[in-house]
Amino acid sequence: MAIEQTLILCKPDAVARGLSGEIIARLERRGYAIVAAKLIVCDAERAKRHYSEHDGKPFFESLVAYITSAPTLALVVEGADVVDGSRVMIGATNPTKAEPGSIRGDYAQTIGRNLVHGSDSAASAVREIAIWFEPSEIVKRSTDNDRWLIAN
């Protein structure tokens, strides 16, 4: 199992509904580590870079408008096969199709307010993390993943 990182966004609806802590708790209970976190009101430039693969699609502007409308909690999450594992935990994009027990299956209301974003591949994770975080904002762990490396 590869140790990897992924971007998780607790979108404005998750923050507004007070579900960010529940999302973090589920990730941590799974054994994943939060190695970076920040609450941010996303600007349009960052939002357009984040959603660039959807540029030109009819819903692109609504994605940008929503993610820039209120605070988002951005996380870098690390662990064994975290990209695929966190996607299973998040559930299907459309909450009506999300499995019970998944974050979206348990809490999301509509496809446009589906609480959370998770990178869909290791390559996307690398690209997305760079959009939301500077390398210096990400905490490093030891190679055995049981200890944190603290810079003095």
Side-chain angles (χ1 to χ4, degrees), residues 1-43 45-54 63-64 66-95 97-109 111-152:
M1 290 187 283
I3 300 299
E4 42 186 31
Q5 293 180 337
T6 193
L7 179 76
I8 300 292
L9 299 177
C10 298
K11 295 179 184 179
D13 55 326
V15 174
R17 291 177 56 202
L19 293 171
S20 298
E22 173 65 20
I23 293 165
I24 290 170
R26 285 180 178 220
L27 292 164
E28 290 181 326
R29 283 194 301 262
R30 179 77 179 251
Y32 299 141
I34 309 302
V35 295
K38 63 181 167 184
L39 186 66
I40 183 172
V41 177
C42 182
D43 59 67
E45 187 272 329
R46 184 189 312 259
K48 288 177 181 178
R49 282 192 297 144
H50 177 78
Y51 288 122
S52 63
E53 70 272 15
H54 300 301
L63 286 173
V64 171
Y66 185 64
I67 201 75
T68 61
S69 68
T72 293
L73 181 63
L75 308 167
V76 178
V77 181
E78 184 175 277
D81 297 318
V82 71
V83 173
D84 290 339
S86 63
R87 298 276 300 172
V88 170
M89 293 177 68
I90 289 168
T93 302
N94 184 341
K97 295 182 179 3
E99 292 289 325
S102 70
I103 293 166
R104 289 176 177 153
D106 289 351
Y107 300 112
Q109 297 172 330
I111 196 166
R113 300 290 183 268
N114 62 11
L115 299 173
V116 65
H117 164 83
S119 302
D120 64 4
S121 69
S124 290
V126 169
R127 182 186 73 80
E128 292 173 354
I129 289 168
I131 291 169
W132 291 84
F133 290 91
E134 296 296 323
S136 63
E137 296 176 303
I138 302 170
V139 177
K140 305 294 182 220
R141 295 194 305 161
S142 67
T143 54
D144 65 13
N145 292 317
D146 290 330
R147 294 176 289 131
W148 294 98
L149 299 176
I150 307 299
N152 291 323

**OP:** Provide the full list of side chain to side chain donor-acceptor pair (under 3.5 Å) pairs with a residue in residues 24-33, sequence neighbours left out, each pair given once.
**Re:** Glu22-Arg26, Arg26-Asp106
Can you list everything that forms a side-chain contact (heavy atoms from CB on, under 4.5 Å) with [X]? Sequence neighbours excluded, please.
X: Ala36; result: Val76, Phe133, Ile138
X: Ala92; result: Lys97, Ala98
X: Leu73; result: Cys10, Val15, Ser20, Ile24, Leu39, Leu75
X: Ile40; result: Arg46, Trp132

Subject >> Nearest-0.5 Å distance, CG of residue Leu63 to OH of residue Tyr51 >> reply: 5.5 Å
**OP:** Kindly compute the distance separating NZ (Lys48) from CD1 (Ile131), expressed to the nearest 0.5 Å.
**Re:** 14.0 Å
[X] and [Y]: which non-hydrogen atoms are nearest, and at how many Å?
X: Ser86; Y: Thr6; value: OG-CG2, 3.8 Å
X: Leu27; Y: Val77; value: CD1-CG2, 4.1 Å
X: Val88; Y: Ser102; value: O-CB, 4.0 Å
X: Ser119; Y: Arg87; value: O-CD, 3.1 Å
X: Ile23; Y: Ala14; value: CD1-CB, 3.9 Å
X: Arg113; Y: Ala108; value: O-CB, 4.0 Å

With sequence neighbours left out, what residues match [X] under side chain to side chain donor-acceptor pair (under 3.5 Å)?
X: Asp43; result: none
X: Tyr66; result: Asp13
X: Gln5; result: Glu78
X: Lys38; result: Glu137

Original post:
Is a side-chain donor or acceptor of Glu4 paired with a backbone partner of Ala122 at a separation under 3.5 angstrom?
Top reply: no
Original post:
Any side-chain heavy-atom pair from Leu7 and His50 closer than 4.5 angstrom?
Top reply: yes
Original post:
Can you list every pair that meets salt bridge (charged side-chain N to carboxylate O under 4.0 Å, His left out) and has a residue in residues 117-134, with sequence neighbours left out?
Top reply: Glu53-Arg127
**OP:** Apply side-chain contact (heavy atoms from CB on, under 4.5 Å) to the pair Ile90 and Ile8, showing each step before the final yes or no.
**Re:** CA-CA 10 Å; Ile90 289 168; Ile8 300 292; 3.9 Å; yes
Subject >> Residues forming a salt bridge (charged side-chain N to carboxylate O under 4.0 Å, His left out) with Arg49, sequence neighbours excluded >> reply: Glu45
